[in-house]
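Everything below concerns the one structure shown next.
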Amino acid sequence: MEQTFRHGGDAARVELSEGVVRGFELDGISIFKGIPYGKAKRFHQPEKADPWSGEYDATSYGYVCPLLRVDRPRGELLVPHRMWPMDEDCLNLNIWTPGLDDRKRPVLFWIHGGGYFGGSSIEQVAYDGQAMAKYGDVVVVSVNHRLNVLGYLDVSSFGPEYKNSANAGNADLVLALMWVRDHIEAFGGDPGNVTLFGQSGGGMKITNLLQTPAADGLYHKVLNMSGIFPREVSGDSKGSQRELVLAMMKRLKIRKIRDLETVPYASLAAAYNALSPLAARMGHGIGGTPEKNDWYLGDPMENGFRKETIGIPMIVTSVFAEFSGFMPFDNALRTAPEKEQKEAVEKAIGKENAEKLLPLFQEAYPGRPLADVLTLDYTVRQPLLSYAAERAAQGGKVWTALFNLDQPVDGGKAPWHCADIPYVFHNTHLVPSTQMPGVTEKVEGQIFGALMNFARHGDPNGGDLPRWDPAESTKDNTMVFGKEPEVRDSFDRELLPMARTAVAPYAARLAEGMQIQH
């Protein structure tokens, strides 16, 4: 298909208070990459970006945040990635818009996954916002921010200037949202209609933003994808990190905290990697997640939902297999005779556990092979249901969804963590492992259409989806996206806790020594 390209003249040129930005236009979508929204000294709060003279070249992505460790290339068939140059000067964002006009389109603000330690706004091929902007007539923004020791290490005990260092990465996100509030109208967007959407670590950060008063009024709707975890995974940091920081300074042969601001990042990361496991074993805090203070009011399941954000409409989602989808599971077992599948399940989790679990699994997922009980997710789905029920009980409007569409990998594979992202972005054409003639486009249209309805109206209903009601305190009303969408209630509430008890030891054995990349 022929695409038009424009660059120069009046194409993709926007005047901002900081200066002029120049992007490019492709197939009717104006694209801007790497626009600086802020700057920050290490461990300090971010500040607005400096003005520039002349035109800012926004045709190349900006730096992404440095990582603690170099990623090992793997799993590209499941989650195609893009790597990019890393530098601490990483406070930048990308924009895709159908028009530089006064249309005031809905704005979708993407927060990438990778926990609080990794990832970037462009890490996954499916993060590209062009198709979403084109087919949804919306403005898409994706953002980079500080991660790991740069974004979530508490050095507040060393001086008041470091008071919020443990939440610096999330403070970057608030500054980026302020930038959107102040500038997005020039890109054809509506600053009064901003939808946060993010997956995994991005979803966790969205949960944090709801608990951050400084972010109030900067967003109006939320899609949290696979981002609600047990508190032992995503909960707030606890315990002083002072002992760890002192040990790092000693290892680096420096005496002043200010010197820690300027040591090379590679040395800083190496010291943290070497010393944080020991600090954790000794009961000291090691950071890595946000920390409750007067800026961030803490995990809502521990500290309560802020009444100021209960009125924000929300969709929370998970995927059938999530992290188990990455494990070395014998996929051929799924097509074996049922007797062999049952025997394999009994061998994996014990006969007594299998006899209790399999009938519940068959009732919850009547179309799935018995072997799939070994990859069933409970890590995300179970806390998601608790979160939705609690928020609904307090008057919040929360829709729940489950992505349950097998993907054509290895003869057919239960969907894994991130498998739903190409469908949300209308980017299945960019990801080979999604291609199922007659199915992919249909499901993509349903998921994408629901998100566009939600971004416009605060309600995902419409199109050919069955009626989808928000969750209640005792009903989850989950939209199950598969070959045919259906709304189901409480179908897995008895299954999930039993699966956690029975399957978790087996999953732990599979995952031992395995690095899961997402």
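Here the structure is a predicted model, which is why all the values come from computation and not from measurement.
Between atom CH2 of residue Trp399 and atom CZ of residue Phe454 there is a gap of 6.0 Å, rounded to the nearest 0.5 Å. His81 NE2 to Ser120 OG: the interatomic distance, rounded to the nearest 0.5 Å, is 8.5 Å. Atom CE of Met452 is separated from atom NE2 of His457 by 11.0 Å, given to the nearest 0.5 angstrom. With rounding to the nearest 0.5 angstrom, the CZ atom of Arg391 is 15.0 Å from the OG atom of Ser386. Atom-to-atom distance recorded for Arg456:CZ and Thr195:OG1 is 10.0 Å, nearest 0.5 angstrom. Atoms OG and CD1, on Ser30 and Ile95 in that order, are 10.5 Å from each other to the nearest 0.5 Å.
For the residue pair Thr478 and Arg381, a side-chain donor N or O sits within less than 3.5 Å of a side-chain acceptor on the partner. In this structure, a donor-acceptor pair under 3.5 Å is absent between the side chains of Asn477 and Thr400. Donor-acceptor pairing under 3.5 Å is recorded for the side chains of Asn167 and Asn164. Residues Thr4 and Glu25 bring no donor and acceptor atom of their side chains to less than 3.5 Å of each other. In the model, Glu444 has a side-chain atom that pairs as donor or acceptor with a side-chain atom of Thr428 under 3.5 Å. Ser237 and Thr289 share a side-chain donor-acceptor pair at under 3.5 Å. Side-chain contact check for His44 and Ser165: no donor-acceptor pair (N or O, by modelled atom type) lies under 3.5 Å.
Taking the charged nitrogens against the carboxylate oxygens, Glu88 and Lys41 have no contact shorter than 4.0 Å, which rules out a salt bridge. A salt bridge links Arg368 with Asp406: the distance from a Lys NZ or Arg NE/NH1/NH2 to an Asp or Glu carboxylate oxygen falls below 4.0 Å. Of the charged side-chain nitrogens involved, at least one lies within less than 4.0 Å of a carboxylate oxygen, so that Asp137 and Arg103 count as a salt-bridged pair.
Judged by distance alone, with hydrogens and angles left aside, the side-chain atoms of Trp52 form a donor-acceptor pair with the main-chain N or O of Val20 at under 3.5 Å. In this structure, the side chain of Thr212 does not engage the main chain of Ala214 through any donor-acceptor pair within 3.5 Å. No donor-acceptor pair under 3.5 Å is formed between the side chain of Arg6 and the backbone N or O of Asp27. Side-chain atoms of Asn404 never come within 3.5 Å of backbone atoms of Gly482 as a donor-acceptor pair (strictly under, hydrogens ignored). No donor-acceptor pair closer than 3.5 Å links the side chain of Asn193 to the backbone N or O of His220. Counting only distance, with no hydrogens or angles, the side chain of Arg334 and the backbone of Gly412 share a donor-acceptor pair below 3.5 Å. The backbone N or O of Leu402 sits nowhere less than 3.5 Å from a side-chain atom of Thr317 that would complete a donor-acceptor pair. Looking at Asp216, its side chain never comes within 3.5 Å of a backbone N or O of Leu210 through a donor-acceptor pair. Looking only at distances, no side-chain donor or acceptor of Ser234 sits under 3.5 Å from a matching main-chain atom of Met204. No donor-acceptor pair under 3.5 Å is formed between the side chain of Asn144 and the backbone N or O of Val64.
No more than 12 heavy-atom neighbours from other residues, nucleotides or ligands sit within 6.0 angstrom of CD on Glu441. Annotation: Glu18, atom CD; neighbour count of heavy atoms from other residues, nucleotides and ligands within 6.0 Å is above 12.
The aromatic rings of His426 and Phe448 sit perpendicular, their planes meeting at an angle over 60°, well past the 30° parallel limit. Ring-plane geometry between Phe5 and Phe24 is classed as tilted, the angle between the planes lying from 30 to 60 degrees on a 0 to 90 degree scale. Using the six-membered ring where Trp is involved, Phe326 and Phe323 have ring planes that are tilted, between 30° and 60° apart.
Between Trp110 and Gln199, some side-chain heavy-atom pair lies under the 4.5 Å cut-off. A 4.5 Å side-chain heavy-atom check between Met479 and Pro466 finds at least one atom pair inside the cut-off. Counting heavy atoms from C-beta on, the side chains of His145 and Leu147 come closer than 4.5 Å. Leu153 places none of its side-chain heavy atoms less than 4.5 Å from the side chain of Asn148. Using a 4.5 Å cut-off on side-chain heavy atoms (C-beta onward), Val319 and Pro415 make contact. Side-chain contact between Pro213 and Leu297: present, with at least one pair of heavy atoms (C-beta onward) separated by less than 4.5 Å. Within the 4.5 Å cutoff, no side-chain heavy atoms of Asn208 are placed close to those of Gln211. Between Asn94 and Ile35 the shortest side-chain heavy-atom distance does not fall below 4.5 Å.
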Step by step, would you call Leu173 with Asn170 a side-chain contact (heavy atoms from CB on, under 4.5 Å)?
-> CA-CA 5 Å; Leu173 294 174; Asn170 285 356; 3.9 Å; yes
Carefully, step by step, assess Lys104 and Asp102 under the rule salt bridge (charged side-chain N to carboxylate O under 4.0 Å, His left out).
-> CA-CA 6 Å; Lys104 287 193 173 183; Asp102 59 0; over 6 Å; no
Run the side-chain hydrogen bond (donor to acceptor under 3.5 Å, both in side chains) check on His417 and Ser200 step by step: do they pass?
-> CA-CA 8 Å; His417 195 63; Ser200 193; 2.9 Å; yes
ring-ring contact (aromatic ring centres under 6.0 Å, His included) between Tyr365 and Phe320, worked out | CA-CA 10 Å; Tyr365 294 99; Phe320 174 84; 5.0 Å; yes
Checking salt bridge (charged side-chain N to carboxylate O under 4.0 Å, His left out) for the pair Lys39/Asp50: CA distance, chi angles, key distance, verdict?
-> CA-CA 8 Å; Lys39 61 180 182 178; Asp50 293 326; 2.8 Å; yes
Check the pair Trp179, Leu16 against side-chain contact (heavy atoms from CB on, under 4.5 Å), reporting the backbone distance first and the verdict last.
-> CA-CA 11 Å; Trp179 190 99; Leu16 304 175; 3.7 Å; yes
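Not less than 6.0 angstrom separates the ring centroid of Tyr219 from the ring centroid of Phe197. Aromatic pair Tyr152/Phe117: centroids not less than 6.0 angstrom apart.
Nearest heavy-atom pair across Ala166 and Glu291 is CB-CB, 3.6 Å. Minimum interatomic distance between Ala171 and Gln45 (heavy atoms only, all atoms of both residues): CB-OE1, 3.2 Å. Taking both residues in full, the closest heavy atoms of Trp468 and Ile315 are given as CH2-CG2, 4.2 Å, listed atom of the first, atom of the second, then distance. Nearest heavy atoms, Pro383 versus Phe229: CG-C, 3.9 Å. Shortest non-hydrogen contact noted between Gln407 and Met436 is NE2-CE, 3.8 Å. In terms of heavy atoms, Ile310 sits closest to Gly395 at CG2-C, 3.7 Å.
With sequence neighbours excluded, no residue satisfies ring-ring contact (aromatic ring centres under 6.0 Å, His included) with Tyr296.
A ring pair (Phe, Tyr, Trp, His ring centres under 6.0 Å) with Phe403 holds for exactly one of Trp416, Tyr423, Phe481; it is Tyr423.
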